[in-house]
Q: 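Questions regarding the structure given below will be posed in turn.
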Amino acid sequence: MLVEQSAAIGLLETGVPERRRPRAVSAAGEIARAFESALYAVRCAQQVVEAFLRYNARFRAITRRAAEHFTARDWHAAQHDAVERIDLYDLAVQETIRSLEHALQADARRRELWIEIKRHFANLIDGLPDSEFCKTFFSSVTRKLFGTIGAAADIEFVAADLDPLASALARTVTRRYAGAASAAELIRQVLADRALGSPWCDLEQCAQRSARDVSQYLCERGRQGDIEAIEIIDAVFYQGTRAYVVGRMACAGAWLPMALALRNGADGVLVDAVILDEDQVSILFGIARSYFHVDLERVADAVAFLKELLPRKPAGELFTVLGRARQGKTERYRSLMRHLAGSRDQFAHAPGERGLVMVCFTLPSFDVVFKVIRDHIPAVKDVWKRLVIDKYNFVFRIDRAGRLIDAQEFRRLRFPAARFAPPLLQELLAEAGESVHLDGEYVIFDHLYIERRLMPLNLYLRSADAAAAARVVVDYGQAIRDLAHTNVFPGDLLLKNFGVTRHGRVIFYDYDELCRITDCNFRDVPVASCEEDEMGAEPWFYVGDRDIFPETFSHFLGMDGAQRSAFLQSHRELLEPQFWRRVQQRLNAGELLEVVPYAPAPPA
């Protein structure tokens, strides 16, 4: 049934609704009606295309402001923009749905119409940069309109069929430098071509020091020869208080990844670090980092190039860290569906201790963990379902400083019930029935989180050799410090709530008790008045809801003697309330405490 809606969306009139006209009796009339119907669908498709283009323009406008903030060293404005850009996608989808509902009224959820709209939408976006992004946006609109469970291939672009890198051309986003007399001159050319809005502190010295760092790195790894060429993505990457030039260098016939970290200080811009190791560059683009602000005409082409630098990094994670979080979710879902189709193992409980808040499970052959909030959380945790969701939303929108894993929220997913181990399925239905139910041969998840699977820290320490264990417990302490400097207190410091990446970095992933440092009250443990008080099971003093006693943290370490000694040697002050109060005072004063994803270069 057609209705007069085109005026509402700023287009030509569609004519009188079908129900008000006499039945057509001629072939010409039927052709006219078919043409009118097709035109109606085209106009609706055009509205969704225009909505996406408006969203994308706003996204890029916010992204471009990062250069201004770097120039002005206005880091608080940069943080504000990071949150605004994260919120932009959902706002754009909601605005589009409201506009369509107003324009289409009774037709807004007419499936036959949306089948036609989808067909015309695909034609309209053909040839647009990153057209897969447009398809993801369209699918977000239809999924919310129809409350789609699983996938609906008739009215959405099924993620399993989308490949954002299928037509990507990595070379279109890069610039090549070669033929210079020396490595220093080559690096100087790279740096001089970057429009940063601020003067260089000493461009020549930056180039010379960077060249020495490269030479030292190559020498330590037994590589001979000078830099033959440098190829970089022709855009500056901004993240937090730093800017980065990202690419690769050719040396002795091989290409090595390269990132130059730039800092803008009172005396101008200088190179703060040269990052050359693949693992270190991978950490820069890691799953626990805040998203880059880099203005790219064709994001997929940049991801294709980054995949060449970091072949072990999933494309979805690269889309996400470049700020295209929704496309990263689509890519993760596509990878999961393809893996399910080609594997036979079952979903099973995740390794580690049973959680009181989440049911955690994995597909052993796929490198992610799934988390579903339990319906009833034991009173000992003093949290509830809505609060847990709010905590995850909080983490999604803050500076994660490389220490909080990026958990992606999914709704209305569908998996074959036969792929679930019976004990897991029984627990999901019994303890998370508000979010999980059976529908024939499928398990429907109304709400769950998916994140990269890590080795729980407590399990890691049981099997690691002494040297590796010592390194990791020191990094555990550094993770707590880094979180504190970004105004985050984990709440629960038990080792089981932290994981270890393949790079040996410690990341926190249990968010139900997480809070801001500035909301806490860090107290000294009062002196006991008698031995009975000190030996009692309950504290002999009043403890408020926000009271935290750092001196008691040692009770949660769960380390053996050598591990505990390594931790205390580097991080003893974490057990002192004075440390936390100093950090709190600096944060309350508006100071930005930097946490950078590399070791800064030593002074010249």
Side-chain angles (χ1 to χ4, degrees), residues 111 136 139-140 142-162 314 316 326 328-378 384-386 388-389 392-393 405-454 509-512:
R111 204 170 193 92
T136 294
S139 298
S140 295
T142 61
R143 288 185 65 83
K144 285 188 177 294
L145 267 176
F146 287 88
T148 303
I149 295 174
D154 57 341
I155 59 169
E156 67 177 284
F157 295 94
V158 180
D161 297 331
L162 301 181
R326 195 55 59 101
K329 281 180 60 175
T330 298
E331 180 63 17
R332 171 164 277 172
Y333 179 75
R334 184 180 78 91
S335 299
L336 174 59
M337 291 299 104
R338 290 182 63 186
H339 186 85
L340 274 173
S343 62
R344 294 185 178 181
D345 55 335
Q346 289 187 314
F347 293 102
H349 284 99
E353 298 181 20
R354 179 183 184 273
L356 297 177
V357 175
M358 296 281 199
V359 179
C360 300
F361 62 98
T362 68
L363 187 67
S365 61
F366 197 66
D367 194 23
V368 301
V369 63
F370 305 83
K371 294 184 173 182
V372 182
I373 304 174
R374 297 181 186 276
D375 296 338
H376 304 290
I377 300 170
W384 54 95
K385 191 169 186 176
R386 182 67 253 178
V388 175
I389 294 173
Y392 274 78
N393 289 338
I405 200 165
D406 190 14
Q408 294 174 320
E409 186 179 28
F410 286 82
R411 296 184 183 274
R412 300 184 299 278
L413 293 189
R414 180 175 64 186
F415 301 117
R419 296 298 296 269
F420 285 78
L424 170 61
L425 184 56
Q426 181 179 358
E427 181 178 9
L428 286 169
L429 296 174
E431 300 200 25
E434 293 177 5
S435 302
V436 186
H437 62 275
L438 287 174
D439 182 10
E441 299 178 354
Y442 292 93
V443 182
I444 308 300
F445 289 86
D446 295 323
H447 184 259
L448 83 163
Y449 296 96
I450 302 178
E451 60 191 42
R452 175 80 79 82
R453 187 171 66 217
L454 306 178
Y509 52 53
D510 191 334
Y511 301 152
D512 52 89

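From a predicted model like this one, the values you see are computed outputs, not experimental measurements. Residues: numbered from 1 along the sequence shown.
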Q: Between F361 and K371, is the side-chain contact (heavy atoms from CB on, under 4.5 Å) condition met? List the steps.
A: CA-CA 7 Å; F361 62 98; K371 294 184 173 182; over 6 Å; no
Q: Any side-chain heavy-atom pair from V368 and T362 closer than 4.5 angstrom?
A: no
Q: Taking S139 for the side chain and F157 for the main chain, is one N or O donor matched with an acceptor at less than 3.5 Å?
A: yes
Q: Can you check whether D512 reaches W384 side chain to side chain, under 4.5 Å on heavy atoms?
A: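 D512 does not reach W384 side chain to side chain.
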Q: What closest approach, in Å, do E451 and A407 show between heavy atoms, and which atom pair accounts for it?
A: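 E451 and A407 have their closest heavy atoms at OE1-CB, 3.4 Å.
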Q: Taking the six-membered ring for Trp, are F415 and F420 parallel (under 30°), tilted (30 to 60°) or perpendicular (over 60°)?
A: tilted
Q: Are the side chain of R453 and the backbone N or O of F366 linked by a donor-acceptor pair below 3.5 Å?
A: yes
Q: Do side-chain atoms of R143 reach the backbone of G150 as a donor and acceptor pair under 3.5 angstrom?
A: yes
Q: Side chains of T136 and K329: do they bring a donor and an acceptor to under 3.5 Å?
A: no
Q: Judged by atom type as modelled, is there a donor-acceptor pair below 3.5 Å linking the side chain of R332 to the main-chain atoms of G316?
A: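 Between the backbone of G316 and the side chain of R332 there is no qualifying donor-acceptor contact (under 3.5 Å).
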Q: Considering only NZ, NE, NH1 and NH2 on the basic side and carboxylate oxygens on the acidic side, decide whether E331 and R326 come within less than 4.0 Å.
A: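 Looking at R326 together with E331, the answer is no, because their closest N to O distance does not fall below 4.0 Å.
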Q: For D154, is there an ion pair with R111 - N to carboxylate O distance below 4.0 angstrom?
A: yes
Q: Do the non-hydrogen side-chain atoms of L425 and V443 ever get within less than 4.5 Å of each other?
A: yes
Q: Between R374 and E427, is there a side-chain N and carboxylate O pair less than 4.0 Å apart?
A: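 Salt bridge present between R374 and E427.
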Q: Does A432 offer a backbone N or O that forms a donor-acceptor pair with the side chain of S435 under 3.5 Å?
A: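 No; zero donor-acceptor contacts below 3.5 Å.
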Q: Report the distance from atom CG of L448 to atom CD of Q408, rounding to the nearest 0.5 Å.
A: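 Going from CG on L448 over to CD on Q408, the span is 10.5 Å.
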Q: Could you tell me the separation between the CG atom of L428 and the CG atom of L438, rounded to the nearest 0.5 Å?
A: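 Atom-to-atom, L428:CG and L438:CG are 9.5 Å apart.
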Q: Rounded at 0.5 Å granularity, tell me how far CD in E156 sits from OG1 in T148.
A: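 The distance works out to 5.0 Å.
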Q: What distance do L340 atom CG and L336 atom CG have between them, rounded to the nearest 0.5 Å?
A: 4.5 Å
Q: Could you walk me through whether L424 and V359 pass side-chain contact (heavy atoms from CB on, under 4.5 Å), step by step?
A: CA-CA 9 Å; L424 170 61; V359 179; 4.1 Å; yes
Q: Please report whether the ring centroid of H349 lies less than 6.0 Å from that of F347.
A: no
Q: Would you confirm whether R419, through its side chain, and D345, through its main-chain N or O, come within 3.5 Å as a donor-acceptor pair?
A: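 Side chain of R419 to backbone of D345, a donor-acceptor pair under 3.5 Å: yes, one is there.
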Q: Considering all heavy atoms of both residues, which atom of I377 and which atom of L356 are nearest to each other, and what is their separation?
A: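 That closest heavy-atom pairing would be CG2-O, 4.1 Å.
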Q: Using the side-chain contact (heavy atoms from CB on, under 4.5 Å) rule, take V388 and M358 through it: C-alpha gap first, then chi angles, then the decisive distance, then the call.
A: CA-CA 10 Å; V388 175; M358 296 281 199; 3.9 Å; yes
Q: With a cut-off of 6.0 Å (strictly less than), are more than 12 heavy atoms of other residues, nucleotides or ligands near OH of Y442?
A: no
Q: Quick one: are H437 and D446 in side-chain contact, heavy atoms under 4.5 Å?
A: yes
Q: Could you walk me through whether Y333 and L413 satisfy the side-chain contact (heavy atoms from CB on, under 4.5 Å) test, starting with their C-alpha distance in whole Å, then the side-chain angles of each, then the deciding distance to 0.1 Å, before giving a yes or no?
A: CA-CA 10 Å; Y333 179 75; L413 293 189; 3.7 Å; yes
Q: Decide if atom NZ of K144 counts as having more than 12 heavy atoms of other residues, nucleotides or ligands within a radius under 6.0 Å.
A: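 No, not enclosed.
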Q: Measuring from atom OG1 of T142 to atom CD1 of I155, what distance do you get when rounded to the nearest 0.5 angstrom?
A: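 Rounded to the nearest 0.5 Å, the OG1-CD1 separation comes out at 5.0 Å.
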Q: Can you confirm whether E409 is buried at CD, in the sense that more than 12 heavy atoms of other residues, nucleotides or ligands lie under 6.0 Å from that atom?
A: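 Counting other residues, nucleotides and ligands, CD of E409 exceeds 12 neighbours.
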Q: Could you tell me if the ring centre of F410 sits under 6.0 Å from that of F445?
A: no
Q: Any side-chain heavy atom of I444 within less than 4.5 Å of one from V436?
A: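 Result no, sub-4.5 Å side-chain heavy-atom pair not found.
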Q: Kindly compute the distance separating SG (C360) from CG (D510), expressed to the nearest 0.5 Å.
A: 8.0 Å
Q: Hey, is the main chain of G433 close enough, under 3.5 Å, to the side chain of D375 for a donor-acceptor pair?
A: yes
Q: Using side-chain heavy atoms (C-beta onward) and a distance below 4.5 Å, is E434 in contact with K385?
A: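 The answer is yes; the side chains approach within 4.5 Å.
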Q: Taking the side chain as every heavy atom from C-beta outward, state whether H447 and I373 have any atom pair closer than 4.5 Å.
A: yes
Q: If you define the side chain from C-beta out and look only at heavy atoms, does anything of P314 sit under 4.5 Å from R452?
A: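 Sidechains of R452 and P314: in contact.
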Q: Verify, without hydrogens or angle tests, whether E441 (side chain) and A417 (backbone) share a donor-acceptor contact under 3.5 angstrom.
A: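 No: the side chain of E441 does not pair with the backbone of A417.
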